[in-house]
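Since the model is a prediction, treat every value here as computed from it, not as a measurement. In each ligand, atom 1 is the first atom listed, and ligand 1 is the first ligand listed.
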Amino acid sequence: MIIIMASAKQKDVDHVVERIEELGYKAHVIVGVERTVIAAIGDERGKHRLTALESLPHVERVVPILKPYKLAGREVKSESSVIECKSARIGGKHFCVMAGPCAVESREQIMESAAAVKEAGANILRGGAFKPRTSPYSFQGLEAEGLKYLREAGDAYDLPVVTEIMSEHQLPLLEEYSDMLQVGARNMQNFSLLRAVGKSTKPVLLKRGMMSTISEFLMSAEYVLSEGNPNVILCERGIRTFETETRNTLDIQAVPVVKRHSHLPIVIDPSHAAGQWDLVIPMARAAVAAGADGVIVEVHPNPEVAVSDGQQSLKPEVFKQMMNELKPLLAVMNRVAG
Ligand code: PEP
Ligand code: MN
């Protein structure tokens, strides 16, 4: 249920929150421009008891949330969320470019990558230190050492950093070194991991599972939000279809569909969707045109020698070209750099 309050003071809101909690529900306060909305989340069966709250001061209406995702949906928050990550903004007017190698391979490699993406205008540096690989014999990432290099590169070039968390046990380490926590496609329904990052204060970049529906995707975001972390950025990174020409199929429709249902920002990962570097620029252009809130792109100083995903990584000069090509499109779409 949602409790909609108009011209309410903090004490009025606190009072409603108290009553919601007394009834055994969790209260999530969403402060909007004109109204404050309090979502009461819990057992649906007792929800009629919440309707009595309509008699409290400044409570305008108590209405059920119809969608299965409560906090992620537009029913509780009609305006789009803008998420802040240090100097970067994602959502609303802000189009955020996250770029960097698939994996942190060495100090030099991440430093060079950071210099290149910063120069071209990226807003956030990416780089995996814990890599989810299909084969246990493939490079698994530099782990803690990689995190240190990533942090150093982010600090040297004044870029916030995003890196993947594969298990809740990694949370203390990742919180120390990263500005944003990436939950990968393979972990989109790792519910204990989602609950763990939901307790963090760091924004979460949640990638869509390669075989997940948009509704399941939003339910996973709901896990994070329900634990109290409101800063979730969704990422469409291609889904598995019968098509074999490309690594995955970019579901570009996911952008307007997610925006119809949710206030959360959504970015596109054209690198993992296409799996081929020469398809990245056209798909990044499509992302802007579809109304995405950003892109996350793999860039490597020397893709031929990359230990992972070299075939889909852009050389620095191609990334620069991508940024130049996006500029006029962003202006048409009325977007500003994140
Ligand atoms: C990645 O970003 O390097 C990655 C592994 O992505 P995904 O989880 O989308 O496959
Ligand atoms: Mn990759």
Side-chain angles (χ1 to χ4, degrees), residues 96-105 109-110 113 117 122 124-136 138-143 146-147 150 160-167 170 174 178-190 193-194 197 203-212 214 216-217 220-221 224 232-241 246-252 254-255 258 266-277 279-280 283-284 287 292 294-315 319:
C96 180
V97 177
M98 312 182 202
C102 178
V104 179
E105 298 168 11
Q109 175 249 18
I110 192 68
S113 305
V117 302
I124 295 182
L125 176 66
R126 66 150 285 155
F130 294 95
K131 294 304 302 175
R133 305 304 300 278
T134 302
S135 164
S138 301
F139 175 66
Q140 305 284 305
L142 292 185
E143 305 185 343
L147 288 177
L150 180 67
V161 300
V162 57
T163 195
E164 181 161 352
I165 176 164
M166 283 173 53
S167 144
Q170 294 160 356
L174 273 277
S178 191
D179 302 307
M180 191 185 286
L181 307 170
Q182 175 176 332
V183 174
R186 291 154 192 82
N187 269 317
M188 189 204 85
Q189 286 191 316
N190 180 340
L193 178 61
L194 296 175
V197 297
V204 174
L205 178 68
L206 177 64
K207 298 189 100 181
R208 180 178 177 184
M210 58 187 97
M211 286 170 292
S212 301
I214 292 172
E216 288 163 343
F217 190 20
S220 289
V224 181
V232 177
I233 301 130
L234 302 164
C235 176
E236 161 60 42
R237 45 79 73 207
I239 51 172
R240 279 226 169 134
T241 67
T246 50
R247 183 173 179 182
N248 291 290
T249 298
L250 180 61
D251 181 10
I252 197 77
V255 174
V258 159
I266 176 164
V267 302
I268 289 286
D269 176 345
S271 309
H272 290 87
Q276 300 160 38
W277 72 268
L279 300 179
V280 170
M283 291 305 95
V295 284
I296 178 163
V297 175
E298 288 186 337
V299 179
H300 194 288
N302 193 1
E304 306 86 89
V305 299
V307 295
S308 64
D309 287 348
Q311 72 293 344
Q312 67 194 33
S313 299
L314 300 185
K315 290 183 179 160
F319 178 64

Treating [X] as the side-chain partner and [Y] as the backbone partner, does any N or O pair qualify as donor plus acceptor under 3.5 Å?
| X | Y | result |
| --- | --- | --- |
| S271 | V297 | no |
| Q189 | N187 | no |
| T163 | S178 | no |
| K131 | S138 | no |

Relative to the heavy atoms of [X], which atoms of ligand 1 are at a distance of less than 4.0 Å?
| X | value |
| --- | --- |
| R237 | 7 (P), 9 (O), 10 (O) |
| R126 | 1 (C), 2 (O), 3 (O) |
| E298 | 3 (O) |
| K131 | 1 (C), 3 (O) |
| G184 | 8 (O) |
| C102 | 3 (O) |

If you look at every heavy atom in [X] and [Y], which pair is closest and at what distance?
| X | Y | answer |
| --- | --- | --- |
| A99 | V117 | CB-CG1, 3.7 Å |
| S313 | W277 | O-CB, 3.5 Å |
| P160 | D179 | CA-OD2, 3.2 Å |
| L193 | S167 | CD1-C, 3.7 Å |

Would you call R208 a ligand 1 contact, heavy-atom distance under 4.0 Å? no
Looking only at distances, can you tell me whether any N or O atom of [X], backbone or side chain, sits closer than 3.5 Å to an N or O atom of ligand 1?
| X | result |
| --- | --- |
| P132 | no |
| R186 | yes |
| K207 | yes |

Restricting to under 2.8 Å, identify the protein N, O or S atoms around the Mn ion (ligand 2) as residue plus atom. C102 SG, H272 NE2, E298 OE2, D309 OD2
Can you tell me how far SG of C96 sits from CD1 of I124, rounded to the nearest 0.5 angstrom? 4.0 Å
If you scan protein heavy atoms around atom 8 (O) of ligand 1, the nearest is A185 N, 2.8 Å
Students should be able to answer this: which protein heavy-atom is nearest to atom 5 (C) of ligand 1, and at what distance? E164 OE1, 3.8 Å
Quick one: side-chain hydrogen bond (donor to acceptor under 3.5 Å, both in side chains) partners of D309, sequence neighbours excluded? R247, H272, Q312
Within-4.5 Å side-chain heavy-atom neighbours: F319 and V280: no
